[in-house]
Each structure stands twice: as C-alpha cells, then as structure tokens.
Amino acid sequence: MGSMVPFAKMNGLGNDIVVIDMRGRTDAVTAEAAIALASGDRTGFDQIMAIHDTDIDGVDYRIDILNRDGSRSQACGNGTRCVVQALASETGRKSFTFKTLAGILTAEEHEDGLISVDMGVPEFRWDRIPLAEEFYDTTRIELQVGPIDDPVLHSPSVMSIGNPHAIFWVKEDVWSYDLERFGPLLENHPIFPERANISIARVLNDQTLDLRTWERGVGLTRACGSAACAAAVCAARTDRTRRRVTVNVPGGPLHIDWRASNHVIMTGPAEWEFSGTVDPLTGDWKADEAAA
Ligand SMILES: N[C@H](CCC[C@H](N)C(=O)O)C(=O)O
C-alpha cells in the first residue's frame, strides 16, 4: 500500500462528497482510486474534492474535482461548500480563494454555518458550453425526448457555469418524469461533445424552483449545486423568475443570487459524516478510530 492521506466523507444537501487532503503532494487522486471509493458502502460519493497546494498569488488552494466514473469536473458547488467547512474548522478562517478548472472561485462561511460560493459568471455561447452545433439562441435549443409530435421533454435552456448544463422546463411535478431513463441518453447526446448535466426544473413562482438533476459522470443525485445555479440563471434569463431564488433540490433548498455583477452566488449547508485516511492511488482506505 502507498502512502495514506486524510479524507473526510461529507455531504452538501445529500450530494455525497469525499474531501481528500493532497496538500504537500505533487501527484493526483487517480481515476482508479475514485472508481474504487465510489463503489464502497461508506465512501460512495458523487464528487471527490481533492485539495492541493498552489503557488498562485492570492489563491489559497487548488481543487481537483472527480466524478464517480473517474472523469474530471470543472465545477462542483456542493463540494466546494464541503471544502470550505473542512478548511474553516481546521484553520479558523472564514473565507477562501480556490483555483478550479472553472477558474478562480471565492467562498465564505457565515456566522450561521451556511456557506456561500461565488461560482463565477455564466457562459451562454454555444461553442463555449460547448454544443456541437451552432445555436445563437441558447435560451431554448432544439432537443427533445419522446414522440416527435408530443415530446416528454423538449427545448432546454443551456449554459455553462464552468461545467455544461441543460435545463428542461416542465409543468408537472419534477418527480413524475423518468429522469433515470432520459438522463443517460441526454447526458451522452451528440449535441454535447463534453457530455452535460441534465436537469428538469419546474417554476413554482417568481422566486422558487423545483429541480432534479442527472449528473454527468455520476447519475441521479440528491443535489447538484452548479445545476441549481444554471437553473436559476436560465430561469431569470427567460423571465421565468427574478434573479434571486430558492432552488429546491431533492436534498433541500439552495439559495441562488445572480448578482448585477453577473456573478452567481450559491448559499447552502455542508455536513461532516466521518474521517479517515485513503491511498490516493488505489482508493484503499480506513476510517479514523473515533469514527470506526
Ligand atoms: N455536484 C456538483 C456538480 C457536479 C457536476 C459534474 N457531474 C460534472 O459536471 O461533471 C455540484 O454540486 O455542483
């Protein structure tokens, strides 16, 4: 067995997150380790958030994000809140700046324990999301599932908040759609050359949405922070809601504020479950004694 590093199993509204401390190392968590941890009973996760050192001025840490299938994600809102909570309890600091594949993000823990992450600015251009075909209007693109004359889902809004999202607007209860069946088809649809996170959203009023998400590289999740941001921004962009909304995901509510600065701020909780040590190359792990 190689050398072990500390990890914490956490969750952000039921989005299962494994935070791995890679500070002081120059290697990375391997896809093999991710796949091994994903299949474990207690370590099953939606994302791994690996904290690395960085030498960029004004940036505290770099975060490397892995999905269940070992692929990398540019952004993970719920996981970033977990990282903030772990670092805040370690250091006593309240605010942090991170480098991710989606760019530099800032985040802070509030007095009440909730955590806000500045997820950056939305990208609506078809080639930056990216889509495989030119669509100048990304508020609704041509894409549907179900019978041609009576599609079950159609005309999603699409955007990137670091990672690609498609939001299908629905009229009925979000639980009445078979997302488990449509999710994999849409995630891997040729229109999305880098695949996409697929959500169905129902507008309840101009400040509230219900949302379920099929995550790229993962599957159905109880929460997806970046999808909540994407749904909120697309809803406001299409005049369905105001720019400040509550997004109810299966795990609970997330508060999203698309500020006048164009930055999207997501606020919600994070929860620690147990800690242990893990081999980042193989995924072999053991729980700390106190938690075993
Ligand atoms: N759970 C994450 C998003 C994961 C996205 C990932 N599945 C991808 O884009 O590959 C969140 O809270 O934002």
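Just follow the structure's listing: the first ligand is 1, and inside any ligand the first atom is 1.
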In ligand 1, which numbered atoms sit nearer than 4.0 Å to a non-hydrogen atom of Ser226? 3 (C), 11 (C), 12 (O), 13 (O)
If the threshold is 4.0 Å, N to carboxylate O, is there a salt bridge linking Arg222 and Asp16? no
Show the numbers, then the answer: is there a side-chain hydrogen bond (donor to acceptor under 3.5 Å, both in side chains) between Arg240 and Thr238? CA-CA 6 Å; Arg240 287 176 163 91; Thr238 54; 2.8 Å; yes
For ligand 1, which atoms have a heavy atom of Ser73 less than 4.0 angstrom away? 5 (C), 6 (C), 8 (C), 9 (O), 10 (O)
Polar-atom distance check: Gly225 versus ligand 1, any N or O pair below 3.5 Å? yes
Is the ring pair Phe192/His189 parallel, tilted or perpendicular, if the boundaries are 30 and 60 degrees? perpendicular
Can you list the atoms of ligand 1 that are under 4.0 Å from a heavy atom of Asn78? 11 (C), 12 (O)
Assess Arg212 against Tyr177: is NZ or CZ under 6.0 Å from the centre of the six-membered ring, and within 45 degrees of the ring's axis? no
Please work out whether any backbone atom (N, CA, C, O) or any side-chain heavy atom from C-beta onward of Asn197 is under 4.0 Å from ligand 1, and answer side chain, backbone, both or neither. side chain
Starting from atom 2 (C) of ligand 1, what is the nearest protein heavy atom, named by residue and atom, and what distance separates them? Cys76 SG, 3.2 Å
Asn163 and Gln74: side chain donor to acceptor below 3.5 Å: no
Between Glu187 and Arg216, is there a salt bridge with N-O shorter than 4.0 Å? no
Any idea which protein heavy atom is nearest atom 7 (N) of ligand 1, and the distance to it? Arg216 O, 2.8 Å
Could you check if a side-chain atom of Thr139 sits within less than 4.5 angstrom of a side-chain atom of Cys234, using non-hydrogen atoms only? no
Proximal ligand 1 atoms for Asn163, defined as those under 4.0 Å from one of its heavy atoms: 5 (C), 8 (C), 9 (O)
Heavy-atom distances under 4.0 Å decide this one: backbone, side chain, both or neither, for Asp46 against ligand 1? neither
Note: Arg242-Asp206 ion pair, threshold 4.0 Å (strictly below): yes
Using a 3.5 Å cut-off on N or O atoms only, is Ala227 in polar contact with ligand 1? no
Side chain, backbone, both or neither: the part of Gln47 lying under 4.0 Å from ligand 1 by heavy atom: side chain
Kindly confirm or rule out an N or O of Asn15 lying under 3.5 angstrom from an N or O of ligand 1. yes
